[in-house]
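Each chain gets a letter, A, B and so on, in the order its sequence line appears, and its residues count up from 1.
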Number of protein chains: 2
Amino acid sequence: MKAILSTTNCLTAITFTMTRYSQTPVTTADKTFYQLRQDIVEGVIAAGAKLSETELSTTYGVSRAVIREAINRLESCHIVERRANVGARVVALSEEGLLALYEIRESLEGMAARLAAKNMSDEEIAELEALLVSHFQDVKQGESYYQEAGDVDFHYRIILGSKNKHLISMLFDGIYHLVRMYRVQLGMAGPRVTTAYDEHRHIVQAIANRDQELAEMLMRRHITYSRNNIRNKLSSIQS
Amino acid sequence: MKAILSTTNCLTAITFTMTRYSQTPVTTADKTFYQLRQDIVEGVIAAGAKLSETELSTTYGVSRAVIREAINRLESCHIVERRANVGARVVALSEEGLLALYEIRESLEGMAARLAAKNMSDEEIAELEALLVSHFQDVKQGESYYQEAGDVDFHYRIILGSKNKHLISMLFDGIYHLVRMYRVQLGMAGPRVTTAYDEHRHIVQAIANRDQELAEMLMRRHITYSRNNIRNKLSSIQS
DNA sequence: TTAGAATATGTTGTCGACAATTCACCCGTT
DNA sequence: AACGGGTGAATTGTCGACAACATATTCTAA
């Protein structure tokens, strides 16, 4: 009944939150870009695979020009790597790559929490606290499959709360899809379900208190823990 | 004899350092992109101006497809804003926009300094110290026109020293050109010449001591000072 | 047999033309 | 005179074809 794949829920939650940020695709190049990105992130197109323009144009039923534009945008997102006169390949996934991404997340989301403590409206903070309450109930009922969507939504709201356009764009358009891609393809499950809730709670509290220093510090620690968690999983898989 | 325009020296120094990072343009779309970006950053194309594809294609003597690709890449850099079926405009410059960029610089370059303290080789650190010595001599001789190139070079080396690919790309391809564009078009001079040297010296010292915490903190303060400096200049201009 | 050059093939880069959309102008109606 | 709808010019989006480049294969010569 409720055993829907977590991915679906996650995407729903994301799109819900992001309606204030991302505009719906209008041109076919837009749609193709979103489709291609999704197919890569979710593993339909394998990591390291070559992206042949002619092949993709027949597959997606569009001209080579729109495929080229889509690939260009994927390159800007660092999802594919391109060499002139040779072609584009999906980026190679490595443990170091994922950990490097978390270094940036630590830096950027820490700043986002700091700015959120400064710039979020009281109403937005109230919504954030309400979100946390609903998470608490989910966790209490053991509905851990909601956790990833909830975690993503939590972070999204804080990032949006920073009110810094560049910060928002870097995280949403750049980092998050890459992280998801790495997680899916390296076979990582969702985030830690047990301990994360308390960390979220403390972060929200710091934001509500307008304590910029503490909000940043707690967010950085939160992501550092996440990073260590991933590193442990990866090393245990490899050994 | 040595009274060459500072801009020229700045670019020379940048390209010298960046040879390890950026590859030379090969296709005409590449060249057009670099040309267009330079023309926008240096104010040849005004802020807020509309970028007509047909007009640019005749101006630069290339086809519209090439111009489109260049504009797409400029959009990814947040140098132009695009609306579907309408066109692209150079971004509107605002005081808040520049200050928002410095918030990101603080976050990202702080992390870069932290990672540099961890990942730079002893040889690279020695080069960095040597660079600082040459700056000191320049400052002592009052050759302040070298300062901007020197400042840029200093930051570049530390960013490269982080060894984090995404971090490097975000700063070099994304932030720095935007900052330069804002500075040029808002009529800001180069960075602070007097106090910055000591700050640089302390940062290098922290990196040489492999003190990650301190390196990050000093770099963040360094950029915060710079940001405050800019804010003061801007408000004094406006009033 | 091997190294190197010439060639063949398939890919990407570039171009001009056509289709779709937007925006401004003009006309008609109230 | 003011507002709404319609028409037209101009711009962007999309397409198929050609040119340039990289790579694999084959052929030749030492």
Side-chain angles (χ1 to χ4, degrees), chain A residues 22-40 44-92 169 173, chain B residues 22-40 44-92 169 173:
Chain A
S22 79
Q23 54 275 22
T24 52
V26 37
T27 94
T28 60
D30 275 338
K31 296 174 196 165
T32 308
F33 165 66
Y34 287 119
Q35 184 70 47
L36 248 178
R37 183 175 65 179
Q38 182 177 337
D39 289 348
I40 292 175
V44 178
I45 298 176
K50 170 139 193 250
L51 297 181
S52 165
E53 295 181 358
T54 52
E55 183 185 333
L56 289 177
S57 73
T58 58
T59 303
Y60 289 88
V62 292
S63 107
R64 257 190 65 215
V66 316
I67 292 288
R68 272 182 75 81
E69 180 171 337
I71 290 180
N72 276 329
R73 290 173 66 178
L74 288 173
E75 188 192 14
S76 299
C77 302
H78 299 273
I79 290 178
V80 307
E81 282 172 346
R82 186 170 217 178
R83 274 178 30 193
N85 290 313
V86 173
R89 311 190 80 90
V90 179
V91 291
S169 167
D173 299 332
Chain B
S22 79
Q23 53 277 21
T24 52
V26 39
T27 97
T28 59
D30 274 339
K31 296 173 195 164
T32 308
F33 165 66
Y34 288 119
Q35 185 69 47
L36 248 178
R37 183 175 64 180
Q38 181 178 337
D39 288 349
I40 291 175
V44 178
I45 299 177
K50 171 142 195 257
L51 297 181
S52 164
E53 296 182 356
T54 52
E55 182 186 334
L56 290 176
S57 73
T58 58
T59 303
Y60 289 90
V62 292
S63 107
R64 256 189 66 216
V66 173
I67 294 289
R68 272 182 74 81
E69 180 170 337
I71 290 181
N72 276 327
R73 290 172 67 177
L74 288 173
E75 188 192 14
S76 299
C77 303
H78 299 272
I79 290 177
V80 308
E81 281 172 347
R82 187 169 215 180
R83 275 176 32 192
N85 290 313
V86 174
R89 311 190 80 90
V90 179
V91 292
S169 167
D173 299 331

- Task: Would you confirm whether B:Arg82, through its side chain, and B:Ala88, through its main-chain N or O, come within 3.5 Å as a donor-acceptor pair?
- Result: no
- Query: Rounded to whole angstrom units, what separation is found between the CD atom of B:Glu55 and the C1' atom of D:dT12?
  - Reply: 14 Å
- Query: Can we say A:Glu55 and A:Lys50 salt-bridge, meaning some charged N sits less than 4.0 Å from an Asp/Glu carboxylate O?
  - Reply: no
- Query: If the sugar-phosphate is the primed atoms plus P, OP1 and OP2 and the base is the rest, what is the B/S/- string for nucleotides 7-15 of chain C, using protein heavy atoms under 4.0 Å?
  - Reply: ----SBBBB
- Rounded interatomic separation in angstrom, taking CD1 from B:Ile67 and C1' from D:dT11: 15 Å
- Query: Is any side-chain N of the basic residue among B:Arg68 and A:Glu69 closer than 4.0 Å to the acidic one's carboxylate O?
  - Reply: yes
- Message: With heavy-atom distances below 4.5 Å as the criterion, would you say the side chains of A:Val80 and A:Ile40 are in contact?
- Response: yes
- Task: Please check if the side chain of B:Arg89 supplies one atom and the backbone of B:Gly48 the other of a donor-acceptor pair under 3.5 Å.
- Result: yes
